[in-house]
Each structure stands twice: as C-alpha cells, then as structure tokens.
Amino acid sequence: MPRFPDEITYSDKYHDDTYEYRHVTLTKPALNAMAHITGGRRLLDENEWRDLGVQQSRGWVHYHYHRPEMHILLFRRRLDFEANRNAAGARAPRRPTPSAVGGGATRVDAAGMPICF
C-alpha cells in the first residue's frame, strides 16, 4: 500500500547530459483527481498537472509514470530550456494567447505556446 504525503512533495533535481529530472509525489486526493482525468491511461499535460496542485517553473513535462506507484509523477525538461527561452524572448515579442484576445481558456505546450484544437 503506498504512503501518501499530506502535501504534494518534490524531489531534488537530477540530470543526465540532455535533461534535468524530478519526481513529484501526489496526495491521495490529487491521485484520485488524476485518475478521474486520465483513467490511469495517459500522461498529464501541463494544465492538468497544474490543476492538481503541482507547482513548478515552466518547461517541465510529465514524461513517465510507474504503474505500481501512480501517485509519483516523473518530470523532465531539457537542460538548455531556460537559456533557449530567454534567448527566444529577447529576439521576438511574446505572441498573445487566444485567452488574451478574448478566446477563453487556453491550453499551452511545455514551451508556453498555445495548443490549437
């Protein structure tokens, strides 16, 4: 039987040559909400994991889960994510999202760009 924390917990970051990683341990209510969203059959997009209460800086992607411990979410982001994001921001103005121009709620990808449906 898994042990659930009272609050969402975050591991220290670790890395390889390409990505930095961390794992996030959900509370039991957050796991139940995740099961309702995904049915335990897919990864979460950024808006979904943020809606569960997970708080991280931009660029993190839920890339894997381990079935016996579904309450532990595995995240990664490219080591050069912040440098690329800062360089892109210096070169071009940010594009408005549909919600910023009256289009309602918007989902964005890991780079913060709107996802078109």
Side-chain angles (χ1 to χ4, degrees):
M1 193 71 152
R3 298 193 72 184
F4 294 95
D6 294 330
E7 296 179 0
I8 293 173
T9 60
Y10 304 84
S11 73
D12 290 333
K13 297 174 193 171
Y14 45 100
H15 64 88
D16 60 19
D17 291 337
T18 307
Y19 294 99
E20 64 180 325
Y21 302 90
R22 77 171 349 158
H23 56 272
V24 175
T25 306
L26 299 177
T27 62
K28 190 167 189 169
L31 174 65
N32 291 337
M34 183 184 83
H36 179 73
I37 293 167
T38 68
R41 294 186 179 97
R42 65 173 177 82
L43 301 173
L44 297 168
D45 68 32
E46 183 173 351
N47 287 328
E48 290 171 333
W49 55 258
R50 286 192 187 280
D51 286 347
L52 294 177
V54 176
Q55 298 177 2
Q56 303 183 94
S57 55
R58 304 210 82 173
W60 291 99
V61 176
H62 179 213
Y63 78 98
H64 189 68
Y65 57 85
H66 183 234
R67 281 206 188 272
E69 298 178 312
M70 295 292 289
H71 65 295
I72 300 176
L73 308 181
L74 303 170
F75 289 89
R76 72 179 180 190
R77 75 173 170 184
R78 293 191 59 86
L79 285 172
D80 60 0
F81 174 80
E82 289 295 331
N84 287 342
R85 182 169 178 227
N86 291 339
R91 287 192 309 262
R94 293 183 61 85
R95 291 189 274 184
T97 62
S99 61
V101 292
T106 301
R107 288 198 171 176
V108 296
D109 63 16
M113 300 307 295
I115 298 171
C116 298
F117 296 99

Student check: side-chain heavy atoms of T18 and R78 closer than 4.5 Å: yes
Looking only at heavy atoms, what is the nearest atom pair of T25 and P5, with distance? CG2-CD, 3.7 Å
Do M34 and H36 have side chains that approach each other closer than 4.5 Å (heavy atoms only, starting at C-beta)? no
So do Y65 and L43 actually touch side chain to side chain, heavy atoms under 4.5 Å? yes
What's the verdict on side chain to side chain contact (heavy atoms under 4.5 Å, CB included) for L26 and V54, showing C-alpha distance, side-chain angles and the deciding distance? CA-CA 8 Å; L26 299 177; V54 176; 3.9 Å; yes
Looking only at non-hydrogen atoms, find the nearest pair between R22 and Y14 and report the distance. CA-CE2, 3.9 Å
In W49, Y63, W60, the residue satisfying ring pair (Phe, Tyr, Trp, His ring centres under 6.0 Å) with F75 is W49
Please say whether more than 12 non-hydrogen atoms of neighbouring residues, nucleotides or ligands are located less than 6.0 Å from CG in D12. no
Within one Ile-Leu-Val-Met-Phe-Trp-Tyr cluster: I8 and L44, side-chain cutoff 4.5 Å: yes
Quick one, F4 with T27, criterion side chain to side chain contact (heavy atoms under 4.5 Å, CB included). Give me CA distance, side-chain angles, the key distance, then yes/no. CA-CA 5 Å; F4 294 95; T27 62; 5.6 Å; no
Could you tell me which residues satisfy salt bridge (charged side-chain N to carboxylate O under 4.0 Å, His left out) with D51, sequence neighbours excluded, listed by chain and number? none
Side chain to side chain, L31 and K28, heavy atoms closer than 4.5 Å: no
Going by heavy atoms in the side chains, are H64 and R76 under 4.5 Å from each other? no
E20 side chain reached by F81 side chain, heavy atoms, under 4.5 Å: no
Would you call E48 and R42 a side-chain contact if the rule is heavy atoms closer than 4.5 Å? yes
